[in-house]
Number of protein chains: 2
Amino acid sequence: MPPRLTKRREQVLAFIRDHAARTGAPPTVREIAAGLGIPSPNAVVGHLAALQRMGVIERSPRRARGIRTVSALPPLSLPIPEVVPGIPILGRIAAGRPIYADENVEGTIAADPFLVRDRAETFVLRVQGDSMSGDAILPGDYIFVRRQPVAERGQIVVALIDDEATVKRYFPEPRRVRLVASNPAYAPIVIRQEDGRRFEVLGVVTGVFRRV
Amino acid sequence: MPPRLTKRREQVLAFIRDHAARTGAPPTVREIAAGLGIPSPNAVVGHLAALQRMGVIERSPRRARGIRTVSALPPLSLPIPEVVPGIPILGRIAAGRPIYADENVEGTIAADPFLVRDRAETFVLRVQGDSMSGDAILPGDYIFVRRQPVAERGQIVVALIDDEATVKRYFPEPRRVRLVASNPAYAPIVIRQEDGRRFEVLGVVTGVFRRV
DNA sequence: GATGGTAGTGTACGGATGTACAGTCGTCAA
DNA sequence: TTGACGACTGTACATCCGTACACTACCATC
């Protein structure tokens with residue numbers, strides 16, 4: 001239920017929020033009074049007491065700027081989901097070695113089915129380079145990759161070209177494969193059958209995570 | 001170039017950031033002293049002067065808690081818990097009617113410290129609109145938000161304007177707040193003090209996840 | 001016409017707070 | 001060996017700030 005506040009108390013609350021957002025600290029009693037054109041601090045004290053009674057602010061007694069606005073977000077108490085096994089974070093992917101080789105694993109991520117559907121066949125890679133920035137995949141992002149040897153046309157895949165792993169959109173064509181970056185600064189990579197290069201689809205990208 | 005700070009001054013800066021994020025207001029000189037085990041306020045004064053000289057904090061002279069941190073350094077690493085509780089996924093956020101937990105929560109994500117550092121204060125939101133596409137945050141993405149009532153200049157925040165939640169970059173200015181989209185098609189939102197609009201910082205964005 | 005809530009004025013007290021002054025101790029480069 | 005700097009102790013003071021007390025006024029509604 002939205003607490004029913006008087007107009008004046010809405011103003012007081014708005015002033016507190018605004019002051020905190022602008023200056024990085026909540027206002028003092030006298031700053032609120034000055035902001036609303038009230039000469040006496042005691043008038044504000046009454047409003048603060050009312051706001052506290054209604055639960056929209058919290059106060060630390062006798063502390064300067066001891067006002068905290070209670071967020072619109074309610075406190076949450078939720079069931080704790082089952083513990084899930086970790087998904088390996090792989091470092092460099094080298095050709096000729098199984099993907100899950102121990103030496104490649106930099107760590108694990110515990111992620112639940114919401115983030116990753118097919119956990120057993122999923123691994124995580126750190127993105128290098130900005131060739132997929134057109135798909136909002138940036139350098140340093142972590143991508144979730146489901147291991148599979150084939151992909152559908154147009155999917156974002158992790159592929160091995162010779163000894164190098166790369167992330168691109170996948171376009172199979174007669175006698176060749178086109179790997180297209182989403183950053184127009186990068187030309188498509190074309191692997192022709194007669195080139196004799198090693199080419200392998202390691203998996204398809206199912207998710208992206210980025211620390212901000 | 002990150003300014004080279006002494007160990008002690010790093011501690012002071014970290015304490016200020018931590019205190020501000022936790023309590024909603026920066027600490028007093030004596031609170032910093034007490035937090036670092038220093039009996040004299042003057043020892044802290046010297047550190048604050050140095051931090052100000054180096055431009056990593058700003059101060060409002062003679063005002064209680066008149067410290068503002070300026071630049072965003074990598075967050076300090078807090079003790080990492082082993083257990084992995086669920087992080088709530090919230091639906092729409094409306095201000096006028098604070099929605100009860102069970103109505104509003106679409107589900108939970110089990111994410112470990114690798115994905116989310118301060119999990120107790122973190123929730124997940126679904127992005128609506130493409131206003132932050134310049135930061136590779138797209139419609140439908142899930143963003144991880146750490147609940148805190150104040151933010152630092154330039155951080156990506158979730159803010160409440162009147163009755164609407166929005167994701168923007170946050171720029172506090174004298175007597176107003178500027179919220180800037182990273183998609184140039186969207187003009188900055190300016191909330192002036194005299195507008196009388198409701199404004200509140202709900203938290204800062206710490207991560208992005210996208211299903212591909 | 002009594003009651004209770006809202007909104008305010010004016011004054012005052014004591015502790016919190018920023019700040020200044022006077023020193024101490026150790027390190028490290030000139 | 002001088003001097004700059006970091007880190008700190010200890011004291012002191014004016015002002016800021018939360019809080020309390022006394023009092024006024026308006027306005028519902030019971």
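What you see is a predicted model, and the numbers here were worked out from it, not measured in a lab. Below, chain A is the first sequence line, B the second, and so on; all start at residue 1.
- Residues A:Asp135 and B:Val212 form no side-chain contact, since every pair of their non-hydrogen atoms from C-beta on lies 4.5 Å or further apart.
- Here the shortest heavy-atom pairing between B:Leu138 and A:Ala136 reads CD1-CB, 3.5 Å.
- The base of C:dG18 is paired with the side chain of B:Arg30 by a donor and an acceptor separated by under 3.5 Å.
- Looking at heavy atoms from C-beta onward, A:Ile156 lies in side-chain contact with A:Ile137 at the 4.5 angstrom threshold.
- Contact between the side-chain N/O atoms of B:Arg65 and the OP1/OP2 oxygens of D:dC16 is not found at any separation under 4.0 Å.
- When each of B:Arg62 and B:Arg53 is assigned the nucleotide of DNA chain D with its nearest heavy atom, B:Arg53 is the one assigned upstream, toward the 5' end.
- What separates CG of B:Leu13 from C1' of D:dA7 is a distance of 17 Å, to the nearest Å.
- The nearest pair of heavy atoms linking B:Phe199 to B:Val177 is CZ-CG1, 3.8 Å.
- B:Glu31 and A:Arg63 are joined by a salt bridge, as a carboxylate oxygen and a charged side-chain nitrogen come within less than 4.0 angstrom of each other.
- B:Ser60 approaches B:Arg68 most closely through the heavy-atom pair OG-NH2, 2.7 Å.
- Non-hydrogen atoms lying under 4.0 Å from DNA chain D are contributed by A:Pro41, A:Asn42, A:Val45, all within residues 31-49 of chain A.
- Rounding to whole angstrom units, CD1 of residue A:Ile67 and C1' of D:dC17 are separated by 11 Å.
- Contact annotation: B:Thr6 side-chain N/O to D:dA7 OP1/OP2 distance is under 4.0 Å.
- Counting to the nearest Å, the C1' atom of C:dT17 and the CZ atom of B:Arg63 are 13 Å from each other.
- Going from atom NZ of A:Lys7 over to atom C1' of C:dG8 covers 18 Å, rounded to whole Å.
- Scanning atom types as modelled, no donor and acceptor separated by under 3.5 angstrom connect the side chain of B:Arg8 and the base of D:dG6.
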